[in-house]
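A short write-up of the structure that comes next.
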Amino acid sequence: MGAVGGSVGSVASVGGTLSEMQRASWDQRGFFRVDGFAPASTCEAMLERVTDIVRGPQLAESVGVKIMAEANKAGMEVANPEDGVSKIFRLHRDSVFAEFAHSAAVVDLVSPLIQPDIDVFLSQFIFKTAGAWGQPWHQDSLYFPFEPRRPVVEVWLAVTQATLQNGCLHVLPGSQTEPVHQHVPDRRPAANYGYFEIIDHDMSSSEPVLMSPGDLLVFDSHLMHRSTDNESSGIRAAMVYHYACAGTVDHSEEYWPSTNDWVPVRRGGHVVPSSSAAA
Ligand SMILES: O=C(O)CCC(=O)C(=O)O
């Protein structure tokens, strides 16, 4: 199937069915990747749009985003507003971000993992500019006090290259079978908002996930993962979405106010177009 913007991923799905490789990786390792999923033009459009949003307070307000500052740069003078930003939440009703979230290519990948009807409830653009902190070992379900708790699926799009030096993701294959472990607050002084860390598990068999712009990682909300600090001089950007069952009861508001925003992407076996979902 044509992926977002028309490019063809190396193991892209057809009609909501995972390939054997994808299914085996999902079942055994808790994730799968689709290299070359999105064209360069999609990544460039996302970076351009989010940069406009960060630089334009009125635009940011009209889109309704929530902006999280990069704590490791607090008080520092930065050349551009985005250099001091860690993440931007609530982008999935906006332009290129909505188009991606509702694209048949993405919904097809998520459909075999969540049945029957699906919402996208969380989106984040992670800037991770030079010097930004990584996010310590965690399971996403820590952040999701939902009924039912699962399934929740993350879709992580590399907007730029993700390397060991600039702070790629690392995953612990097989850890999706674990319950949600105890997390302690990120032990770095003045760590980023909401960062918690697993310290009671052996992570020695973890693997780095090196990615090129347009590559996609799809993973389970119990998979243990982290990212390291950006020690390069460039940006390591990613666009992240979370999907769950329509009708999920969400108790997040008291913990993470104004972060989630439930929007239908699949109903009755069909993709819900972004324009009608956002209306
Ligand atoms: O991309 C990163 O640096 C961290 C992302 C992450 O942990 C997540 O998307 O759950």
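Values below: all heavy atoms of this structure, side chains included; hydrogens, waters and symmetry mates excluded. Numbering of ligands and ligand atoms starts at 1, following listing order. All figures in this text were calculated on a predicted structure; none of them were measured in a lab.
Each of Gln176, Arg150, Arg29 was evaluated against Asp220; a single residue qualifies, Arg150, per the side-chain hydrogen bond (donor to acceptor under 3.5 Å, both in side chains) test. Between His225 and the options His138, Glu207, Gln135, His170, a side-chain hydrogen bond (donor to acceptor under 3.5 Å, both in side chains) holds for only His138.
When atom types are taken as modelled, the side chain of Ser25 and the backbone of Phe31 share a donor-acceptor pair closer than 3.5 angstrom. Side-chain atoms of Asp200 do not come within 3.5 Å of backbone N or O of His181 as any donor-acceptor pair. Thr248 contributes no side-chain N or O that, together with a main-chain N or O of Asp250, makes up a donor-acceptor pair within less than 3.5 Å. Remark: side-chain polar atoms of Arg267 are not paired, donor with acceptor, to backbone N or O of Val272 under 3.5 angstrom.
Per-residue contacts place Ile126 under 4.0 angstrom from the following atoms of ligand 1 (heavy atoms of the residue considered): 1 (O), 2 (C), 5 (C). Listed by number with element, the atoms of ligand 1 under 4.0 angstrom from any heavy atom of Gln135 are 4 (C), 6 (C), 7 (O). Distances below 4.0 Å separate heavy atoms of Trp156 from the following atoms of ligand 1: 1 (O), 5 (C), 9 (O). In summary, the atoms of ligand 1 found under 4.0 Å from a heavy atom of Asp140, numbered by their order in the structure, are 10 (O).
Of the N or O atoms in His242, none lie within a sub-3.5 Å distance of an N or O in ligand 1.
At the top of the distance list for atom 1 (O) of ligand 1, counting protein heavy atoms only, stands Arg236 NH2, 2.9 Å. Closest to atom 10 (O) of ligand 1 among all protein heavy atoms lies His225 NE2, 2.8 Å. Looking only at protein heavy atoms, the nearest one to atom 3 (O) of ligand 1 is Ser227 OG, 2.7 Å. Among protein heavy atoms, atom 9 (O) of ligand 1 sits closest to Glu154 OE2, 2.6 Å. Among all protein heavy atoms, the one lying closest to atom 7 (O) of ligand 1 is His138 CE1, 2.9 Å.
No side-chain donor-acceptor contact under 3.5 Å links Lys128 and Thr160.
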* Applying side-chain hydrogen bond (donor to acceptor under 3.5 Å, both in side chains), run through Ser111 and Asp108 and close with a yes or a no. => CA-CA 5 Å; Ser111 291; Asp108 268 354; 5.1 Å; no
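Under 4.0 angstrom from ligand 1, the non-hydrogen atoms of Lys128 all belong to its side chain.
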